[in-house]
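Here is how names work: the chains are called A, B, and so on, in the same order as the sequence lines, proteins then strands, and each is numbered from 1.
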2 protein chains.
Amino acid sequence: MGERSERIAGASVTLLDVAKAAGVSLATASRALNGSTRRVRPDLHERVLAAAESLHYSANAQAQAMARGRTNIVGLVLSDVADPYFSSIAAGAIRAAEEEQLVVTMACTFGREERELEYVAALRGQRARAVIVVGSRVQDRGLLDRLAAEVREFEQAGGRVAFVSQRKIPADTVVVENRGGAKALAEALCGLGHRRFAVLAGRSDLLTARDRTTGFREGAARAGVRIDAADVVYGGFTRDGGYAAMIELLDRGTEATCVFAVNDVMAVGAMAALRDRGVELPSGMAVAGFDDIATLRDVTPALTTVRLPLEELGAGAMAMVVQEPAEQPRIRRVRGEVVLRESTPLLA
Amino acid sequence: MGERSERIAGASVTLLDVAKAAGVSLATASRALNGSTRRVRPDLHERVLAAAESLHYSANAQAQAMARGRTNIVGLVLSDVADPYFSSIAAGAIRAAEEEQLVVTMACTFGREERELEYVAALRGQRARAVIVVGSRVQDRGLLDRLAAEVREFEQAGGRVAFVSQRKIPADTVVVENRGGAKALAEALCGLGHRRFAVLAGRSDLLTARDRTTGFREGAARAGVRIDAADVVYGGFTRDGGYAAMIELLDRGTEATCVFAVNDVMAVGAMAALRDRGVELPSGMAVAGFDDIATLRDVTPALTTVRLPLEELGAGAMAMVVQEPAEQPRIRRVRGEVVLRESTPLLA
DNA sequence: GCCCTGCAGGAATGCGCATTCCCCCACCCG
DNA sequence: CGGGTGGGGGAATGCGCATTCCTGCAGGGC
């Protein structure tokens with residue numbers, strides 16, 4: 001039980017230790033290390049820094065947070081980091097956070113949407129400075145209300161909240177112009193000569209998926225093309241969902257010359273399905289996606305899609321929560337850009 | 001300045017508020033909410049819970065951490081979440097953390113390796129319970145020593161540390177059998193009839209890249225095939241690195257019938273380069289990668305690779321830091337599995 | 001009927017730090 | 001040379017909570 005074992009037990013160096021070593025008071029040590037409004041005489045300042053250095057002092061962030069009444073924590077809630085869409089957004093957010101000296105804690109719902117609630121609550125417990133909820137998929141009215149309540153609670157406690165890609169809850173939001181992007185895409189595809197489309201629409205309860213479907217329909221309509229309900233297939237928002245939906249479409253027998261999957265990952269699944277069914281690409285079927293996932297830029301034929309500045313979405317949300325809150329929820333719109341590639345050749 | 005504005009100012013409900021509302025002491029409220037060794041009379045217990053509920057009480061995690069002397073934070077340090085390799089590992093770690101009620105904070109070095117140091121130091125400041133460093137690329141001897149020192153410091157303070165994929169610093173580590181996997185891959189490719197290989201070796205200062213190159217050479221040697229130094233091209237460990245290396249190889253003029261890129265992302269870049277140069281795949285050149293990145297499973301021709309259980313790497317590291325520390329650093333070995341696909345057809 | 005034991009509630013303490021308040025001292029002005 | 005002023009050091013306070021210690025009370029054994 002001597003001093004030695006106490007140190008081994010994990011007792012870390014405190015500010016008081018530093019102060020003693022420097023021969024100053026705790027207050028002075030604190031001021032020297034943090035640079036408060038009060039100034040410290042240069043020689044003492046120096047001594048404190050030297051003492052801290054030699055003792056390997058590391059300020060206890062918890063204690064600082066408590067004394068200051070705020071933290072540098074920002075929570076990031078998303079459905080799955082392994083999904084390239086989300087991981088890109090996360091990367092953007094993290095990059096932006098670093099510039100602001102913020103610490104990012106990440107939580108994934110992995111499809112269980114009620115966890116969004118738990119995480120926001122947990123982050124309130126952490127007294128996180130802000131929370132960013134990416135691509136909330138909450139649809140259930142009750143759940144949505146509870147999430148909205150939790151968000152209010154979080155804000156009541158002085159925290160900032162931003163969403164990426166939702167519009168149900170009144171809060172700062174980075175809105176992706178899914179509808180506009182899909183519309184532009186449809187118009188471009190019509191410009192290539194297509195007159196008959198199929199849509200792999202993903203989950204019908206996802207706002208993002210719905211918006212893209214709607215926008216695509218609008219764009220087609222604008223070019224005088226109607227999309228038959230029979231040519232719209234719902235399913236998972238994933239690669240396998242795209243695969244399955246494409247198979248179903250083929251089984252039904254479609255006359256479409258071009259299929260639009262509401263995201264790139266699904267489009268790739270659809271391409272796999274087409275190949276498995278012996279359809280030649282792109283001659284046998286044109287395929288388009290959405291997002292322009294970087295990792296998928298080398299699939300063949302190269303995928304026509306709508307490019308989204310994913311990292312900017314995350315960075316933009318971070319920027320919003322760093323700013324002072326506005327009276328009105330802020331909306332930051334992000335546009336996509338149609339990128340035509342080989343998967344949708346000019347129709348002969 | 002009435003009560004109302006005080007609440008707006010962000011003052012949150014404290015345990016004391018709950019205790020008062022329930023008509024009990026702070027100690028009792030604490031015991032009721034946390035279930036300590038001491039028990040609370042059922043009716044009081046009930047009252048406290050009800051009060052906490054109605055006040056929307058959320059315990060201040062910082063204060064709890066300070067009072068308890070420990071946190072539930074685990075830090076995850078990696079180079080880039082947007083990279084599918086790392087994001088998969090992160091997903092595994094996060095999933096495992098959730099089961100243990102741990103909060104994951106993530107930091108990315110984005111290629112600046114010295115940040116690993118800063119982050120480990122910062123996590124010590126957070127009094128994180130553990131830190132997991134994934135794929136440390138630190139090579140510089142000085143930096144490495146400082147990282148090792150920082151790690152010791154962290155452990156001194158009572159924290160747990162684990163690495164994924166390194167072997168320079170004595171600490172719990174999840175080791176990927178890069179060498180063995182690459183060796184097995186080379187043997188399999190030789191089995192397909194190849195006798196002349198090229199290697200896109202990535203960054204020469206990355207242990208992972210080097211091990212894979214070495215292993216591949218060993219495997220080939222075992223089948224009696226020597227790989228010429230001229231057929232090994234170094235470059236970035238990224239898609240663009242793979243592309244550039246492949247171009248360089250083609251410009252040099254290689255006689256290889258099969259090119260091994262030390263990771264899938266590079267392999268995809270190489271495939272793009274080959275296509276751009278008019279080489280037909282897989283007939284004109286066989287291509288193999290490493291990792292079996294999920295997002296890339298649908299490239300054409302389907303990529304032969306070594307499948308790594310990426311999520312398990314993250315989860316395994318998390319499991320290690322949750323366990324009690326051993327006297328000796330633990331090593332957890334993870335094997336890869338050769339997956340032959342169409343990108344490496346049987347040679348005629 | 002009394003004392004001892006065990007249980008449970010409450011007051012008090014301390015975690016590590018920022019910050020406020022107090023006070024001393026040096027310097028400047030008159 | 002005295003009083004005023006300001007800069008800066010140090011003691012004390014409090015952040016929100018877990019936990020220890022103290023105390024009161026009920027129940028059981030003699």
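B:A59 comes within 4.0 angstrom of the backbone, heavy atoms only, and of no base. Counting any heavy atom pair closer than 4.0 Å across all strands shown, B:R38 reaches a base atom. Residue A:R31 is in base contact, counting any heavy-atom pair closer than 4.0 Å across all strands shown.
Annotation: the span from B:D140 atom CG to B:L147 atom CG amounts to 11.0 Å, rounded to 0.5 Å.
Between the side chain of B:T109 and the backbone N or O of B:R115, no donor-acceptor pair lies under 3.5 Å. Checking side-chain atoms of A:R160 against main-chain N and O of A:M320 turns up a donor-acceptor pair under 3.5 Å.
Rounded to an integer number of Å, the gap from A:Q126 CD to D:dG16 C1' is 14 Å. For B:Q62 and D:dG16, the CD to C1' distance is 11 Å, given to the nearest whole Å. The interatomic distance linking A:D17 (CG) with C:dC15 (P) rounds to 11 Å, in whole Å. At whole-Å resolution of the value, CE in B:M66 and P in C:dT13 are 17 Å apart. If you take CG of B:N60 and C1' of D:dG16, they are 6 Å apart, rounded to a whole angstrom.
Between B:N34 and D:dA18, a side-chain N or O to OP1/OP2 separation shorter than 4.0 Å is present. Residue B:T28 places at least one side-chain N or O closer than 4.0 Å to OP1 or OP2 of C:dG10. In this structure, A:S30 does not reach the C:dC17 phosphate: none of its side-chain N or O atoms is under 4.0 Å from OP1 or OP2. Listed pair B:R41 / C:dA8 fails the phosphate criterion, with no side-chain N or O lying under 4.0 Å from OP1 or OP2. Between B:Q64 and D:dA18 there is a side-chain polar atom (N or O) within less than 4.0 angstrom of OP1 or OP2.
For the residue pair B:E114 / B:Y119, no side-chain donor-acceptor distance below 3.5 Å is found, with atom types taken as modelled.
Both B:L26 and A:A63 sit near DNA chain C, but only B:L26 has its closest nucleotide nearer the 5' end. Take the nearest nucleotide of DNA chain C for A:R70 and for B:D43: the residue whose nucleotide is more 5' is B:D43.
Side-chain proximity of A:A67 to C:dC17, C:dA11, D:dC17: nearest is C:dC17.
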